[in-house]
Number of protein chains: 2
Amino acid sequence: MVAIVQKLEKTRLSAEDWALAALDVIAEQGLAAVAVEPLARRLGVTKGSFYWHFPSREALLVAALERWEKTEQETVFGQLEAIPEPRARLRALFQLVAHELKPHVIYSELLKALDHPVVKPVLSRVSERRLDYLTASFRQAGLGRIDAQNRARLLYAAYVGFLQLSLQLGQPRLHHDEFDAYVNHVMTTLIPE
Amino acid sequence: MVAIVQKLEKTRLSAEDWALAALDVIAEQGLAAVAVEPLARRLGVTKGSFYWHFPSREALLVAALERWEKTEQETVFGQLEAIPEPRARLRALFQLVAHELKPHVIYSELLKALDHPVVKPVLSRVSERRLDYLTASFRQAGLGRIDAQNRARLLYAAYVGFLQLSLQLGQPRLHHDEFDAYVNHVMTTLIPE
DNA sequence: ACCTGAACACCGTTCAAGT
DNA sequence: ACCTGAACACCGTTCAAGT
């Protein structure tokens with residue numbers, strides 16, 4: 001019963017709390033800003049206590065990113081299953097991923113931090129999954145094996161590259177009109193029919 | 001005359017030497033690996049001496065990247081001026097930039113380190129220049145203003161995104177055959193005629 | 001004009017001791 | 001079961017002193 005009271009009052013922290021706080025910081029200020037001491041301050045404890053929950057800063061990052069990976073997967077693919085027509089599904093995926101939900105913000109931050117060894121495997125899995133999905137949809141839409149694969153690469157590269165470009169040029173992404181025009185251009189150019 | 005002897009013997013270092021060493025480290029191990037102490041060891045001096053040449057690690061990075069920016073600009077655009085036909089020039093640019101010269105390796109490393117404030121302005125200038133060049137070439141090839149701009153964005157995004165994807169998936173880039181097939185796919189899909 | 005060596009601040013990590 | 005507080009290592013930075 002003591003345990004229940006503690007849960008309700010949130011007097012003590014769990015590993016989950018640290019992971020969620022880390023994700024907030026990533027979304028707000030990037031991966032590099034996830035530092036044990038500031039995080040501890042944010043959570044109202046001393047940095048020493050962090051090491052009861054995690055063996056290292058890196059372990060915290062891994063936990064946080066795995067959590068993100070799971071939710072982003074559910075968000076993105078969950079919404080697509082409802083759409084049977086492959087071309088429509090392709091458009092939906094591109095649109096979904098190109099508008100700024102929170103998972104999308106974190107994806108951007110990870111893109112900027114590919115330098116960090118913890119990031120690469122996560123993005124690798126996420127991209128692989130999306131690429132496979134795109135390839136399958138292009139096949140269903142009638143393309144041959146090789147063409148479907150290359151077209152999938154091109155479409156996904158167009159997405160990642162555009163995001164990257166926005167980050168580089170430092171516009172807070174394009175105006176909505178301009179962005180929509182670009183998305184249309186991409187879809188009419190790359191998605192058959 | 002003492003000065004001349006010193007130059008010949010290279011007994012002492014210049015800011016240039018530090019910048020070049022930094023670029024080597026970036027190409028080999030990424031931006032994060034540029035640390036004052038290891039660099040000093042590499043150059044056979046103590047880290048204290050670094051601060052005679054630069055006020056900070058950040059200033060070193062700025063100097064190194066500006067040097068890279070200049071040479072990469074000369075390399076890429078220098079070779080294109082010889083090609084008058086816009087479609088051929090577009091293909092040449094894409095090919096040039098997609099094969100792994102040293103500037104290209106550093107570009108990749110910078111892509112991974114967009115997190116760092118020093119990197120963004122450099123990549124911003126480089127990308128802006130390439131985008132403008134692409135847009136102009138598409139116009140010369142007959143596209144209207146808006147279409148040329150969107151097509152340039154798409155082509156450049158296809159390049160950056162593909163690079164990014166290669167970095168993410170951690171293949172040491174695709175097999176040459178597969179890569180060439182992809183490049184062909186992109187060019188036939190995106191470059192008119 | 002360039003370099004050394006000692007010092008300091010900051011942050012990740014450890015750990016004995018507290019509740 | 002979770003947290004504190006003091007300690008240490010590492011690296012960026014400073015600076016007085018050397019050549």
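Below, chains carry the letters A, B, ... as their sequence lines are ordered, and counting in each starts from 1.
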Intra- and inter-strand pairs of DNA chain D in dot-bracket (Watson-Crick or G-U wobble, both distances under 3.5 Å; | for another strand): ||.|||||...|||||.||

Any residue meeting side-chain hydrogen bond (donor to acceptor under 3.5 Å, both in side chains) with E37(B), in chain and number order, not counting sequence neighbours: none

Under the side-chain hydrogen bond (donor to acceptor under 3.5 Å, both in side chains) test, residues paired with Q73(A) that sit two or more places apart: R129(A)

Contact letters for nucleotides 12-17 of chain C, in which S counts primed atoms plus P, OP1 and OP2 and B counts the base, heavy atoms under 4.0 Å: BBBB--

Between dG5(D) (P) and W52(A) (CH2): distance, integer Å: 19 Å

Qualifying ring pair (Phe, Tyr, Trp, His ring centres under 6.0 Å) pairs with a residue from residues 19-50 of chain B, counting only residues at least two apart or across chains: W18(B)-F50(B), F50(B)-F54(B)

Pairing residues for E81(B) by the salt bridge (Lys or Arg N to Asp or Glu O under 4.0 Å) criterion, not counting sequence neighbours: none

Protein-nucleotide distance (E16(A), atom CD; dC2(D), atom P), rounded to Å: 13 Å

Donor + acceptor pair across side chains of Q168(A), S127(B) (<3.5 Å): yes

Residues forming a side-chain hydrogen bond (donor to acceptor under 3.5 Å, both in side chains) with S14(B), sequence neighbours excluded: D17(B)

Which nucleotide in dA1(C), dG5(D), dC2(D) has an atom nearest any side-chain atom of R12(A): dC2(D)

Contacts of type side-chain hydrogen bond (donor to acceptor under 3.5 Å, both in side chains), residue Q140(A), not counting sequence neighbours: R89(A)

Interatomic distance where CG belongs to D17(B) and P belongs to dC2(C) [whole Å]: 10 Å

Residues forming a salt bridge (Lys or Arg N to Asp or Glu O under 4.0 Å) with E16(A), sequence neighbours excluded: R67(A)

dA1(D) OP1/OP2 closer than 4.0 Å to side-chain N/O of H53(A): no

